[in-house]
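Side chains are part of it too, since the values below use all heavy atoms of this structure and drop only hydrogens, waters and symmetry mates. Here is the naming used below: chain letters follow the sequence lines, and residue numbers restart at 1 for every chain.
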Amino acid sequence: MENVLHFLNRVLNGVTAVSLAVMAILVFGNVVLRYVFNSGITWSEEMSRFLFVWMTFLGAISALKDNEHLGVDIFVKKLSPRMKKAVFVLTNGILLYVLWLVLDGSWKMTLINMDSMAPATGLPLACVYGIGIVTSISMAAIIVCNLYRVLFGKRSVEEFIRARESEEELLVSGQQQVMSEVSGK
Amino acid sequence: MEWIVFLVFFLLLLLRVPVAVSLVVSAALALMDSGFNLDVLPQKIFSSLNVSTLMAIPGFILAGVLMARGGISKALIDALRAWVGHFSGGLSVVTVLACAVFAAISGSSPATAAAIGAIMIPGMVEAGYSKRYAMGLVAASGTLGILIPPSIPLIVYGTVAEESIGKLFMAGFLPGLFLTAVLVVVAIVYARWKNFGRLPKASWHDRFVLSVRALPAALLPLLILGSIYKGIATPTEASVVACVYSLLVAVFVYRQITWKDARTILRETVNTSSMVFFIIAGATVFGLYLTNEQVPQNIAAWIMEGDINKWTFLIACNILFFIMGMFLEPTSIILITLPIFLPILKLLGIDVIHFAIIMTVNMELGMVTPPVGLNLFVVSGIARAKLEEVVRGIMPFIALMILVLVVIVVWPQLSLWLPVQMAN
């Protein structure tokens, strides 16, 4: 089971990284083509937007898995362990409700757009809306798994209660490590 | 009803529900109550992300990560040290200027504080500066990251307000330089008063060698701002050009990044970006509620009835942003408040671009005010110091930044002169 999860995690990270890289290459390629060859890739702007949407949704799965939501935890930190557990169950219940809304809407949008094609790339628009289905199911699975771990004592609620207080905190944690190595040299 | 929705939102925040989800839930409950069909929510979420201008955000984040990991910031600091390190307060000046240059690439305050602080705080303490002062200076100078263009909050603001991001970037340039100049002057005066240590004067040969080494790094801000200002590239294209340039410099000039690092760097960027966009998606749903219930129009009508003038409104906004900045990060504040304020700005004749800069300086203050001032946590982590110590160190700088904010509020031309020139 652990091996499967590890593999899925690597696939997720790989796909998001490739989405970002391809998006950058397409935009940069278009700039070069425009100024050097006075031409461009007609579908690049649309494709990079689609990749951007996929990257965002898949990145949200990754962030949930690593407990990197953007939240404020100054109040919850002060609660007793039992209250923390109750709050954890409540907040995850709310998350599941939102994911249901996204899943339900995305499913309907995907079905409606099965035959609709994007003007420049010719891709079915269902490909874009379908990512909502993948994301909501994946995130719901992570939440159910976390709830099981906390409720049945497999993991401490403290491990999940920490929220990111800024999107840049992620960036900083990696940079601190690197920069302290640099300054230590 | 409006108050109940905002109350639910803040209650959910207190319960540690992610910001994006708090926005969706509070809005969805109100929309359901008014018989709204929630099936359209995912469509709204998708359309909010399917916007070209937002693609600039991962670009600038990636450029910042590449710069920090690629040894680019160290090259800049070494060159600045060689030129001004021997002056009284020279290291303080190096810190402020290095933050300003890094800010012109990354668009993020905590990233700026982390990258520069990791090198400069130990260096300043070693040279005899008080640790408290060094930490305060880095935390304050780090805030330049979101004022000097490119700026992630300004990209979000431009997307919400449907304003030219190029114009917003130009609007942030002079106020950014003004804050830099104020910090430099204060740093010099304070260092002379306290008689802090100086570095030995570098030889002209060292200055030349280090400047040549730092040149590729120093050209990056010119490349970004020049391409946008001259209309050669859109902000999104400029961000990607900055990434490619940073990558080439980091790999071939400074030789600090290998292909092994690529996956980590890309993942770091994706995770950081996704969090911003997750909030944008949530805020779109919240915006749907605001539009549906005509909240901005109701507030505008209330302001008209109360005969509130421009200055009263601006003072109230500054207080509100200052308080919100203590608990929320910039993206959230912009996305929650701007849709409400936009009609009021037009009503009171306040320039939308000027207001963007007022908002951004308030966000800067939020970055350095407890309990959730992220720059404080970053500096505390780097310097391995108690948070209270960093807070004590930042206090004089908060007062200074409030003075700068007052100047920016009462002197709109500081923000508007460059965008006007750009339009001409």
Side-chain angles (χ1 to χ4, degrees), chain A residues 13 16-17 19-21 23-24 27-28 30-31 35 45 48-49 52-53 55-56 59-60 62-63 66 68-76 87 90-91 94-95 97-98 101-102 104-106 108-109 128-129 132 161 163-172 174-176 178-180 182-183, chain B residues 13-21 24-25 28 38-39 41-43 46 49-50 52 55 58-59 61 64-65 68-69 71 74 108 110-111 114-115 118-119 122 233 236-237 240-241 243-244 263 266-279 327 329 331 371-372 374 378 381-382:
Chain A
N13 289 337
T16 51
S19 296
L20 178 61
M23 195 174 92
V27 174
F28 183 72
N30 234 10
V31 174
Y35 282 98
E45 199 266 345
S48 52
R49 271 192 291 115
F52 172 63
V53 171
M55 181 200 85
T56 301
S62 187
D66 299 331
E68 282 162 352
H69 325 285
L70 282 168
V72 178
D73 65 354
I74 47 175
F75 170 71
V76 177
V87 166
L90 175 68
T91 55
I94 291 167
L95 269 165
Y97 165 68
V98 171
L101 285 179
V102 174
D104 184 45
S106 299
K108 287 170 182 167
M109 291 300 299
V128 184
Y129 293 112
I161 216 78
R164 293 280 175 187
E165 278 162 357
S166 164
E167 75 275 4
E168 286 124 337
E169 201 172 329
L170 279 164
L171 194 66
V172 165
Q175 284 188 358
Q176 277 178 11
V178 174
M179 296 314 288
S180 52
V182 170
S183 57
Chain B
L13 271 188
L14 282 179
L15 291 175
R16 206 200 68 100
V17 175
V19 178
V21 177
V24 172
V25 172
L38 295 183
D39 284 350
L41 294 193
Q43 189 186 355
F46 279 106
L49 296 173
N50 200 5
S52 300
M55 282 163 33
I61 290 173
V65 176
R69 287 188 172 233
K74 191 171 188 311
S108 151
I119 301 171
T236 302
E237 290 170 342
V240 173
V241 170
C243 290
V244 174
R263 228 174 63 203
L266 288 169
R267 203 180 81 216
E268 221 171 272
T269 306
V270 167
N271 278 12
T272 309
S273 308
S274 289
M275 290 300 91
V276 182
F277 302 129
F278 211 31
I279 289 181
F327 300 96
E329 43 74 59
T331 311
V372 188
L374 190 71
V378 169
I382 289 167

Q: Please name the pair of heavy atoms, one in B/V270 and one in A/G59, separated by the smallest distance, quoted to 0.1 Å.
A: CG1-CA, 4.0 Å

Q: Can you find a heavy atom in the side chain of A/L20 that is under 4.5 Å from one in the side chain of B/T269?
A: yes

Q: In terms of heavy-atom proximity below 4.5 Å to chain B, should A/F28 be classed as side chain, backbone, both, or neither?
A: both

Q: Using heavy-atom distances under 4.5 Å, tell me whether A/S48 contacts chain B through its side chain, its backbone, both, or neither.
A: both

Q: Check step by step if side-chain contact (heavy atoms from CB on, under 4.5 Å) holds for A/V98 and B/V25.
A: CA-CA 7 Å; A/V98 171; B/V25 172; 3.3 Å; yes

Q: What's the shortest heavy-atom distance between A/A24 and B/V240, and which atoms?
A: O-CG1, 3.1 Å

Q: What is the minimum heavy-atom distance between B/P42 and A/V102, and which atoms define it?
A: CG-O, 3.8 Å

Q: Select one option (side chain, backbone, both, neither) describing which atoms of A/Y129 are under 4.5 Å from chain B's heavy atoms.
A: both

Q: Less than 4.5 Å to any heavy atom of chain B: does that hold for the side chain of A/M55, its backbone, both, or neither?
A: both

Q: Does any heavy atom of chain A fall under 4.5 Å from the side chain of B/V24, the backbone, both, or neither of them?
A: side chain

